[in-house]
Engineer: 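Below is the structure I would like to discuss, written out as structure tokens.
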2 protein chains.
Amino acid sequence: MRSAQLSDVRQQNYSTIMRELMRSGPTARTDLASAIGMSTGSVTRLTGALARAGLVKEAAEPAPRGMGRPKVPVAIDESTYGVIGVHFGLHRINTCLIDLRGQLVAELPATERTTNLKPLLRGAARSVRKMIDSHGLTVLGVGASTGGWVDSSSGQVHTQPVLGWQEAPLAEALHDLVGLPVLVDSQVRALALAEHWFGAAAGVDNFIHLFVGNVVGAGFVFNGSPYRGAHSAAGGLDHLPVTGRSGQTCVCGSRRCFAMVAGDLETARRARAAGLITDDQEVYDVFALAVAGNPQARRLLQDRAGVVGTATATLIELLDPELVVIGGGVSAPVDHVAVVRDAAQDRLAASRGGDATARILASAFGPHALGIAAGAIMLDAVYRSPEAFVPALTATASDPGH
Amino acid sequence: MRSAQLSDVRQQNYSTIMRELMRSGPTARTDLASAIGMSTGSVTRLTGALARAGLVKEAAEPAPRGMGRPKVPVAIDESTYGVIGVHFGLHRINTCLIDLRGQLVAELPATERTTNLKPLLRGAARSVRKMIDSHGLTVLGVGASTGGWVDSSSGQVHTQPVLGWQEAPLAEALHDLVGLPVLVDSQVRALALAEHWFGAAAGVDNFIHLFVGNVVGAGFVFNGSPYRGAHSAAGGLDHLPVTGRSGQTCVCGSRRCFAMVAGDLETARRARAAGLITDDQEVYDVFALAVAGNPQARRLLQDRAGVVGTATATLIELLDPELVVIGGGVSAPVDHVAVVRDAAQDRLAASRGGDATARILASAFGPHALGIAAGAIMLDAVYRSPEAFVPALTATASDPGH
DNA sequence: CGACTTATCTCTGCCTTGAAGATAAATATC
DNA sequence: GATATTTATCTTCAAGGCAGAGATAAGTCG
């Protein structure tokens with residue numbers, strides 16, 4: 001619990017203006033003032049400071065309509081600053097530079113044999129340095145994501161089973177190498193933030209991102225902020241019991257754990273059992289068959305989507321989100337979100353009669369957008385506290401300018 | 001999204017001081033300043049205004065120790081204001097007056113034959129009026145709770161299955177009758193707020209209140225604020241699938257719905273099947289047997305506690321709370337929370353190895369505290385925005401006083 | 001070309017905080 | 001017992017923030 005100060009007001013008002021501009025696009029100062037309930041004088045002063053800092057700009061005015069002085073829209077300036085996202089996957093590190101609107105400016109995918117933290121970090125830092133200032137954007141910071149249990153407040157990766165990391169000080173180590181602010185979070189929460197800022201959940205304050213792939217997990221945004229739990233461990237779905245189907249026996253002893261029923265491994269296992277793929281093929285080959293039109297493969301994936309639907313219904317009943325975004329193999333490359341939606345609605349209709357349901361949408365990003373999502377971690381921070389990450393803003397704040 | 005103002009700063013600082021005093025008990029101004037990061041001058045000014053308004057008072061100073069001027073502790077003044085809570089149950093309306101520390105000042109239980117909204121409201125309003133100002137406390141407002149789907153933002157009860165209400169404008173109707181601010185919320189969320197302010201979860205910012213009784217449901221407090229979901233429907237557990245045991249077939253078609261396996265009805269059914277109680281007896285009679293030491297009854301309730309434990313594990317994995325508070329028939333009159341704890345830890349240990357678990361505690365309130373919990377709805381609002389509910393505070397704010 | 005309309009900018013007043021100094025009330029020391 | 005010391009609390013003052021009123025700018029309409 002911390003007491004509030006005057007500077008908090010200014011900080012929050014900067015943030016409110018930036019978020020409103022992100023949400024609504026170019027907006028005249030007058031409209032901005034009435035949208036956020038601020039005096040026009042304050043809007044002028046604050047947008048002035050934001051413009052001098054390079055965060056907003058006056059957009060091209062549309063054909064002036066009606067009487068009076070024409071509106072001059074103010075918009076996010078995406079040409080000054082950028083943020084970098086780094087995603088650490090198995091044998092794959094994806095580094096992206098995105099602008100303040102979330103648009104991809106540059107990408108630098110890399111494959112790595114090792115899973116050791118040190119060499120991976122050195123490689124990532126090299127990619128980051130290569131990107132800094134080489135695309136005309138001043139980089140404000142780096143967001144890093146990976147799977148497993150990631151603590152965003154301490155910057156530590158407690159456990160990352162796929163890469164075998166334990167208590168890895170990811171944020172600190174990367175900061176030492178690149179000299180920029182570094183924020184870390186889990187892959188699923190990064191995806192949720194990306195959806196929140198410039199994806200399917202743009203402007204939605206209560207939603208769940210449900211990721212189903214080689215790992216399963218949920219990312220929560222509650223009341224407009226990411227919810228991470230008391231130990232940054234929120235979002236675990238591995239052992240969520242599902243109804244209607246059972247899979248292999250889980251380490252916990254149950255045969256109805258969501259991960260064991262709907263995860264990629266089980267899908268691949270069932271495809272093998274059905275003779276669809278060979279022993280050394282993986283779930284991606286099932287996707288390929290489905291894309292090619294193989295009916296058995298399609299049925300298998302639809303089946304899985306049905307299970308995801310019942311789990312979605314459980315989450316909707318429990319957490320009452322406005323929206324559930326489905327990511328991972330259920331939404332791409334073959335989009336089975338309609339199956340998820342039907343299965344979820346079926347279950348909810350039986351119990352609730354259709355009241356208080358949530359929209360269910362496919363992720364706005366393809367499977368290769370994990371780097372962009374990592375950047376969203378940093379972008380989120382910039383929009384929440386602009387002064388903390390844009391030095392030029394505090395410098396020009398009190399300057400009356402011209 | 002609304003912009004911030006200077007008055008928001010003052011409001012929040014009032015709130016921060018009140019909450020800190022509630023959390024830590026009587027505190028000297030200096031200690032208060034360092035605890036919340038405020039200058040001592042501001043603490044003096046704000047506590048002065050709070051004291052003139054009757055919200056805080058200078059407490060009796062303890063034996064002065066050490067050198068220097070002795071500290072003068074400031075404490076919540078519980079002798080000026082109170083809030084009233086009204087809980088609408090089946091055939092039972094419980095009206096309570098509590099002071100600012102949550103202590104019960106007066107209680108007025110009433111039994112009612114009807115379940116119709118109008119006569120129940122008239123009866124409740126009579127009880128409320130009887131309490132107002134008759135105990136030396138100025139009543140700041142009324143909190144009302146009931147089961148079912150209650151929308152706290154609109155004040156509507158969408159559906160209340162036990163009483164048969166549909167779209168009942170509870171807040172507005174009660175406000176018209178008593179002329180005080182009225183806030184409503186669901187019974188489970190009210191219990192969660194009570195635990196948060198003066199119960200087992202005092203000072204805990206991320207926790208879940210899990211209620212298992214004739215109805216089941218969860219109340220969430222995330223990041224220090226109640227989370228109600230997009231349509232005020234969060235907390236539904238009825239159809240949460242549970243592992244290890246199945247019950248009667250639910251309306252949704254599954255036999256593993258939490259409500260059907262762990263609810264009071266199933267417990268009573270199993271007790272009947274075992275010959276423990278007769279057809280016209282209920283779950284309370286099973287409790288009575290267990291209290292009397294009947295081993296079969298105890299085993300039955302322990303069994304149910306085990307199921308609650310697995311559901312608790314699911315919630316902990318999904319939402320990573322710091323604490324889970326167990327309320328309803330599992331914690332009273334026979335406390336089986338230890339069984340819940342063991343069952344939950346068992347399941348979590350298999351999957352997580354004991355990391356990031358949550359404490360599990362019994363509710364601090366007996367089964368008859370629903371009225372107090374309803375009052376907590378109003379108390380929460382007063383602590384969050386004192387100026388909105390205490391007119392004397394705004395009146396004396398700028399007064400330099402003496 | 002002048003009147004009108006609307007958007008934006010400038011200026012003033014009020015409010016709130018933080019910091020420093022003044023005051024108060026106890027103990028420690030001679 | 002008188003004085004110094006220590007710590008808590010109160011008072012004063014300057015800086016910084018927003019709202020609202022008025023001034024200015026940049027169009028359209030007749």
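Since this is a predicted model, take the numbers as computed values, not measurements. Each chain gets a letter, A, B and so on, in the order the sequences are listed, and its residues count up from 1.
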Engineer: At 4.0 Å (heavy atoms only), tell me whether A/V72 reaches a base, stays on the sugar-phosphate, or touches nothing.
Structural biologist: sugar-phosphate
Engineer: Verify side-chain contact (heavy atoms from CB on, under 4.5 Å) between A/F198 and A/L379, making sure each step is shown before the conclusion.
Structural biologist: CA-CA 10 Å; A/F198 42 83; A/L379 201 74; 3.4 Å; yes
Engineer: With nearest nucleotides of DNA chain D determined for A/R69 and A/M38 from heavy-atom distances, which residue corresponds to the more 5′ nucleotide?
Structural biologist: A/M38
Engineer: For A/S42 and D/dA19, is the shortest distance between a side-chain N/O and OP1 or OP2 below 4.0 Å?
Structural biologist: yes
Engineer: Going through the distances and angles, do A/N206 and A/F222 end up as a side-chain contact (heavy atoms from CB on, under 4.5 Å)?
Structural biologist: CA-CA 5 Å; A/N206 286 296; A/F222 294 152; 4.1 Å; yes
Engineer: Using heavy atoms to find the nearest nucleotide of DNA chain D for A/G37 and A/L6 separately, return the residue whose nucleotide is more 5′.
Structural biologist: A/L6
Engineer: Select one nucleotide: of D/dT9, C/dG18, D/dC18, the one nearest the side-chain heavy atoms of B/K71.
Structural biologist: D/dT9
Engineer: Output the rounded distance in Å from CG (B/L393) to P (C/dC15).
Structural biologist: 15 Å
Engineer: B/T16 and B/R19: side-chain donor and acceptor closer than 3.5 Å?
Structural biologist: no
Engineer: Using atom CZ of A/R29 as one end and atom C1' of C/dT10 as the other, report the distance to the nearest whole Å.
Structural biologist: 14 Å
Engineer: Rounded to whole Å, how long is the line connecting atom CZ of A/R2 with atom P of C/dT17?
Structural biologist: 12 Å
Engineer: Is the shortest side-chain N/O distance from B/T44 to OP1 or OP2 of D/dC10 below 4.0 Å?
Structural biologist: yes
Engineer: Using heavy-atom distances to pick each residue's nearest nucleotide on DNA chain C, tell me which of A/E58 and B/G41 is more 5'.
Structural biologist: A/E58
Engineer: Specify the separation, in whole Å, of atom CG of A/N13 and atom C1' of D/dA19.
Structural biologist: 12 Å
Engineer: Would you indicate, yes or no, if D/dT9 has its OP1 or OP2 atom less than 4.0 angstrom from a side-chain nitrogen or oxygen of B/T40?
Structural biologist: no
Engineer: Take the protein atom CD of B/Q12 and the nucleotide atom P of C/dC15, then report the distance between them rounded to whole Å.
Structural biologist: 20 Å
Engineer: Between atom CG in B/D31 and atom C1' in D/dA8, what is the gap in whole Å?
Structural biologist: 10 Å
Engineer: Side chain of B/R45: nearest nucleotide among C/dT17, C/dT8, D/dA19?
Structural biologist: C/dT17
Engineer: Would you mind reading off the distance between B/L32 atom CG and D/dT7 atom P, rounded to a whole angstrom?
Structural biologist: 20 Å
Engineer: Nearest 0.5 Å, what's the CG-CG distance between B/L170 and B/L183?
Structural biologist: 11.0 Å
Engineer: Going by atom types only, do A/S225 and A/N223 share a side-chain donor-acceptor pair under 3.5 Å?
Structural biologist: no
Engineer: Of the options C/dT17, C/dT8, C/dA25, whose atoms approach the side-chain atoms of B/P70 most closely?
Structural biologist: C/dA25
Engineer: From the set D/dC10, C/dT17, D/dT28, return the single nucleotide nearest to any side-chain atom of A/M67.
Structural biologist: D/dT28
